[in-house]
Amino acid sequence: MPLARAAAADVAVEAVGPKYIIFIQQKGGAGKSTMTVNTAAVAGRSSLLQNDIEDAAVIAAGIDPQGSLETWADRVPEEVLPFDYVVTKGRVGELSKFKDDPNRKRIFVDTPGFMEIDPDAAWGEDPLGQSRVAEALFEVLELAHLAVVPITPEWLSWKPAEFTIERILKPRKIPFIVVINLHEPRDGDTALKKVKRWIDERDYPRMPDPIRKYTIHAHAAENGLTVVEYKTSGTALRAREDFMNLALTIEQAL
Ligand SMILES: Nc1ncnc2c1ncn2[C@@H]1O[C@H](COP(=O)(O)OP(=O)(O)O)[C@@H](O)[C@H]1O
Ligand SMILES: [Mg+2]
């Protein structure tokens with residue numbers, strides 16, 4: 001009986017409070033920020049993640065001391081966003097305060113690149129070292145239920161992805177998925193196959209299909225739009241489909 005009660009209590013504890021999904025990759029430019037706002041938008045529109053109250057069930061958060069998510073969000077009228085957003089500017093404690101909030105279901109966290117952080121750290125030593133970025137990263141790594149590691153067909157992003165997984169995520173036992181971004185559909189499959197093989201050789205879980213490169217995403221970022229507001233052209237629908245796919249893949253992995 002005490003055992004059964006403990007199990008029931010565990011379930012209850014699990015059900016309260018949001019799941020934190022962090023987008024992390026040592027190198028900039030692979031799509032962390034793009035993925036954060038767009039998956040938050042898709043999830044925020046999902047009927048499974050709605051709240052009747054004012055607090056949105058989905059939060060997009062940025063922990064970059066430079067506040068890059070804020071730059072984006074500044075261009076959006078807040079009432080049109082299907083999620084709340086939080087910009088911590090590297091301040092610790094801003095995201096953990098949602099931990100037990102029963103009204104929040106998903107918190108998607110954009111993280112800064114950290115190429116600049118102690119590249120010489122010895123193996124076995126934590127390469128994040130000490131800095132404002134590192135402190136902010138430590139907090140979200142502590143909170144994370146899942147990490148999404150963006151990678152591109154361009155080989156420059158591969159080593160930093162491996163570093164992120166082997167040195168940051170695996171030692172902390174954070175479950176992760178690798179997502180290929182910026183696949184150019186007009187280029188054929190050669191580069192795509194190569195990066196897929198590289199990921200599979202390492203036995204990293206990955207989203208089967210890539211997120212395609214569409215100029216519309218870059219324009220949207222400039223205008224503070226997310227995929228759910230794209231006009232319904234063929235390209236816009238395909239662009240949106242990619243992020244719906246990502247949002248579903250994340251849900252499955254949680
Ligand atoms: N799938 C995509 N299609 C087109 N442009 C993209 C795509 N993903 C990212 N970008 C663009 O590439 C650049 C880097 O993406 P970003 O999300 O800012 O990367 P990170 O946050 O990892 O540095 C941005 O200009 C962004 O608009
Ligand atoms: Mg970014």
Side-chain angles (χ1 to χ4, degrees), residues 21-42 60-76 85-90 108-117 132-133 136-137 140 147-165 168-169 176-187 191-192 195-196 206-231 233-247 249-250:
I21 301 99
I22 63 169
F23 296 80
I24 185 165
Q25 146 74 288
Q26 190 193 16
K27 188 182 181 309
K32 294 182 291 280
S33 302
T34 305
M35 286 183 185
T36 304
V37 293
N38 284 318
T39 45
V42 170
I63 62 163
D64 192 345
Q66 316 294 336
S68 51
L69 189 71
E70 188 176 44
T71 319
W72 171 86
D74 273 351
R75 304 188 194 150
V76 200
Y85 73 89
V86 174
V87 177
T88 72
K89 296 245 177 78
F108 297 96
V109 187
D110 184 24
T111 67
F114 46 91
M115 276 307 227
E116 67 284 2
I117 290 174
R132 196 150 167 199
V133 171
L137 274 172
V140 295
V148 176
V149 182
I151 193 168
T152 70
E154 149 99 68
W155 64 271
L156 273 175
S157 69
W158 300 1
K159 277 279 160 202
E162 189 173 30
F163 182 91
T164 306
I165 291 166
I168 310 289
L169 300 175
F176 63 90
I177 40 174
V178 178
V179 177
I180 303 166
N181 184 27
L182 288 162
H183 164 58
E184 172 60 78
R186 285 171 301 195
D187 281 358
L192 183 61
V195 65
K196 281 184 176 172
R206 68 166 165 87
M207 183 161 91
D209 293 320
I211 292 181
R212 290 164 285 191
K213 178 178 182 176
Y214 290 122
T215 329
I216 192 171
H217 289 309
H219 288 160
E222 255 168 57
N223 300 318
L225 290 175
T226 66
V227 282
V228 296
E229 289 117 16
Y230 290 5
K231 300 275 182 292
S233 73
T235 306
L237 288 177
R238 283 191 288 276
R240 190 184 311 176
E241 183 193 353
D242 287 347
F243 284 96
M244 289 188 164
N245 189 14
L246 175 55
T249 303
I250 289 171

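Below, all heavy atoms of this structure are taken into account, side chains as well, without hydrogens, waters or symmetry copies. Counting convention: from 1, in listed order, for ligands and their atoms alike. All values reported here derive from a predicted model rather than from experimental measurement. Residue indices begin at 1 and follow the sequence shown.
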Any N or O of [X] closer than 3.5 Å to N or O of ligand 1:
X: K32; result: yes
X: K27; result: no
X: G31; result: yes
X: T215; result: no
X: N181; result: yes
X: I211; result: no

When you measure from [atom] to every protein heavy atom, which one gives the shortest distance, and what is it?
atom: atom 4 (C) of ligand 1; answer: Y214 O, 2.9 Å
atom: atom 26 (C) of ligand 1; answer: T34 OG1, 3.7 Å
atom: atom 5 (N) of ligand 1; answer: L182 CD2, 3.8 Å

[X] (side chain) donor-acceptor with [Y] (main chain) under 3.5 angstrom:
X: T226; Y: N38; answer: no
X: R240; Y: V227; answer: yes
X: K32; Y: V148; answer: no

Quiz item: If you count the atoms of ligand 1 from 1 in the order shown, which ones are under 4.0 Å from a heavy atom of G28?
Solution: 23 (O)

Exercise. For A30, take its heavy atoms, then give the atoms of ligand 1 lying under 4.0 Å from any of them.
Key: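 Result: 19 (O), 22 (O).
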
Return the minimal non-hydrogen interatomic distance between [X] and [Y], and the atom names on each side.
X: D209; Y: M207; value: O-CE, 3.2 Å
X: T152; Y: V195; value: O-CG2, 3.7 Å
X: A161; Y: Q25; value: N-OE1, 3.3 Å
X: G29; Y: L182; value: O-CD1, 3.6 Å
X: Q26; Y: T164; value: N-OG1, 3.0 Å
X: P153; Y: N181; value: CD-O, 3.2 Å

State whether any protein heavy atom lies less than 4.0 Å from [atom].
atom: atom 19 (O) of ligand 1; value: yes
atom: atom 24 (C) of ligand 1; value: no
atom: atom 14 (C) of ligand 1; value: yes

Quiz item: Do E241 and R238 sit within salt-bridge range, that is, some charged N less than 4.0 Å from a carboxylate O?
Solution: no

Return the [atom1] to [atom2] distance between [X] and [Y], rounded to the nearest 0.5 Å.
X: I151; Y: K159; atom1: CD1; atom2: NZ; answer: 10.5 Å
X: I177; Y: L246; atom1: CD1; atom2: CG; answer: 6.5 Å
X: L225; Y: I216; atom1: CG; atom2: CD1; answer: 8.5 Å

Quiz prompt | ligand 1 contact by M35, heavy-atom criterion under 4.0 angstrom | solution = no

Quiz item: Would you say K213 contacts ligand 1, with heavy atoms under 4.0 Å as the rule?
Solution: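 Heavy atoms of K213 do come under 4.0 Å of ligand 1.
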
Quiz prompt | R212, portion touching ligand 1 at heavy-atom distance under 4.0 Å | solution =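 The answer is the backbone of R212.
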
Practice problem: Would you mind telling me if ligand 1 is within reach of the side chain of A218, the backbone, both or neither, using heavy atoms under 4.0 Å? | Solution: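 Looking at A218 and ligand 1, atoms from backbone and side chain both fall under 4.0 Å.
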
Practice problem: Tell me how many protein N, O or S atoms are closer than 2.8 Å to the Mg ion (ligand 2). | Solution: 1

Quiz item: Taking the side chain as C-beta and beyond, is there a heavy-atom pair between D64 and D110 under 4.5 Å?
Solution: no

Quiz item: Between the side chains of Y230 and H217, is a donor N or O closer than 3.5 angstrom to an acceptor N or O?
Solution: yes

